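Data block below; observations after.
One-based numbering, in listed order, for ligands and for the atoms of each. Given the structure is predicted, the values throughout are model-derived calculations rather than measurements. The residues of the chain are indexed from 1 along the displayed sequence.
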Amino acid sequence: MSETVRKPVLYSAVQPSGTLTIGNYIGALRNFVKLEKDYDCLFCMADLHALTVRQEPAALRRRTAELAALYIACGLDPEKNIIYAQSHVPMHAELAWILNCFTYMGELSRMTQFKDKSAKHADNINAGLFTYPVLMAADILLYQTDVVPVGADQKQHLEICRDIAERFNSVYGDVFKIPEPYIAKSAAARIMALNDPGSKMSKSGEPDSFISMADTPDDVRRKLRRAVTDSDGEIRVDPENKPGVTNLITICAAMSGKTAEEVCAELQGKGYGALKDATTEAVVSVLSPIQAEQKRILADKQYINDVLKNGSERASALAFRTLRKVYKKVGLYQL
Ligand code: ATP
Ligand code: LTN
């Protein structure tokens, strides 16, 4: 990314809170790769966000490096794009504090992710979980972002980010660019759990609910074989009445580059076994080369460190400009 000649800015992040799933890949990473060439891009490992749920320290560190390697293995060039860890750029936490003072308790308590995660982690409903969207708004607004590619579950967080930015701008003038979400219109923006197609596939879900980006071909086959379907035997898209089958068609189409209609037409009358086999083949053919490349990249720790160091320096320079302006506008004493 050039810090002088500017294309529109694209920003996205993923939490290193587990091994990524094919839901993260289809809903987010795959789109990063598609959009990369038309934007100046920043891709962040949201390690501070991951702390809103208890993490094993060694695992969090390892997953942060793995996520950086995965970004690169998926095709994101660390020379052209800024790839960095959120905790390496202190301006995220600093801007989040300011924005906390421009965010209402009421709007935060309406966030469905907060409600879901509070129910899931009832023993640890911490303030970080509650203010999670504010830190996310800081991530995005620090870089004067134009577009934010995310899965459908993040739509509400993008809306609150825009509300906070507009609120701030209405008081202090045009400090923040108002970002646009980029969310695929199709079902691919929300891949569902294999064992419960009523809920989102999530990297912190039960083992049989997701396919991870690190799964072997045997894991993929086994998990897809067990995936919940229905009893009418017909391969067609019908999210209401056939959520399991629809989800498999969506995964198969996304991973094979076909449309859902093409997948249905090819497999018509062949039964769910054939759909599961075709999906397995499509998933494995995407995962295998990415896994090999990720492994190769991870073997060179120095390279990963260089990418992260370079990324954090470039991100810091951009973030500093916005933060300085914000501090000035709100009246913090300047030296
Ligand atoms: P966690 O289980 O730790 O909350 P997660 O799997 O929900 O994690 P995030 O790190 O919150 O993943 O999300 C990373 C990106 O992947 C976001 O853009 C998010 O919208 C997208 N994403 C997550 N799950 C899905 C899914 N099931 N389908 C499509 N996109 C998804
Ligand atoms: N909350 C996001 C991860 C995230 C993010 C961001 C995404 C943190 N900061 C900024 C886009 C832009 C999630 O996917 N759960």
- Task: Please step through side-chain contact (heavy atoms from CB on, under 4.5 Å) for the pair Phe210 and Ile22, ending with a clear verdict.
- Result: CA-CA 8 Å; Phe210 62 79; Ile22 57 168; over 6 Å; no

- Task: Decide yes or no on side-chain contact (heavy atoms from CB on, under 4.5 Å) for Met45 and Tyr71, but give the supporting numbers first.
- Result: CA-CA 10 Å; Met45 279 78 75; Tyr71 279 150; 3.5 Å; yes

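Each of the following atoms of ligand 2 lies closer than 4.0 Å to a heavy atom of His49: 8 (C), 9 (N). Below 4.0 Å from some heavy atom of Gln15 lie the following atoms of ligand 2, by number and element: 15 (N). Here is the list of ligand 2 atoms found below 4.0 Å of a heavy atom in Gln154: 1 (N), 2 (C), 13 (C), 14 (O), 15 (N). Heavy-atom proximity to Ser12, at under 4.0 Å, picks out these atoms of ligand 2: 11 (C). Applying the 4.0 Å criterion to heavy atoms of Ala189 picks out, from ligand 1, the atoms 28 (N), 29 (C), 30 (N).
The nearest non-hydrogen atom to atom 6 (O) of ligand 1, considering only Lys203, Lys200, Gln113, Gln15, comes from Lys203.
For a threshold of 3.5 Å applied to N or O pairs, the pair formed by Met201 and ligand 1 contains at least one separation below that value. Considering backbone and side-chain atoms alike, Gly151 places an N or O below 3.5 Å from some N or O of ligand 1. The distance criterion of under 3.5 Å between nitrogen or oxygen atoms is met by Ser202 with respect to ligand 1. Checked against a 3.5 angstrom limit, the closest N/O atoms of Gly23 and ligand 1 fall inside it.
Using a 4.0 Å heavy-atom cutoff, Lys117 is listed among the residues neighbouring ligand 1. Residue Val14 places a heavy atom less than 4.0 Å from ligand 1. Remark: distances from the non-hydrogen atoms of Asp153 to ligand 1 include one below 4.0 Å.
Each of Leu287, Thr280, Val286 was scored for a side chain to side chain contact (heavy atoms under 4.5 Å, CB included) with Val283, with one residue passing: Leu287. With His157 as reference, Gln154 is the one residue of Glu159, Gln154, Lys155 to meet the side-chain hydrogen bond (donor to acceptor under 3.5 Å, both in side chains) rule.
Ion pairing between a basic and an acidic side chain is recognised when a charged N comes within 4.0 Å of a carboxylate O; Asp153 and Lys200 show such pairing.
Only the side chain of Val150 comes within contact range of ligand 2, with a heavy atom under 4.0 Å; no backbone atom does. Neither the backbone nor the side chain of Leu135 comes within 4.0 Å of ligand 2, counting heavy atoms alone.
Here the protein heavy atom with the shortest distance to atom 1 (N) of ligand 2 is Tyr132 OH, 2.6 Å. In terms of protein heavy-atom proximity, atom 9 (N) of ligand 2 is closest to Asp139 OD2, 2.6 Å. Among protein heavy atoms, the minimum distance from atom 4 (C) of ligand 2 is reached at Ala13 CB, 3.6 Å.
With hydrogens and angles ignored, the 3.5 Å screen pairs no side-chain donor or acceptor of Glu166 with any backbone N or O of Asp163.
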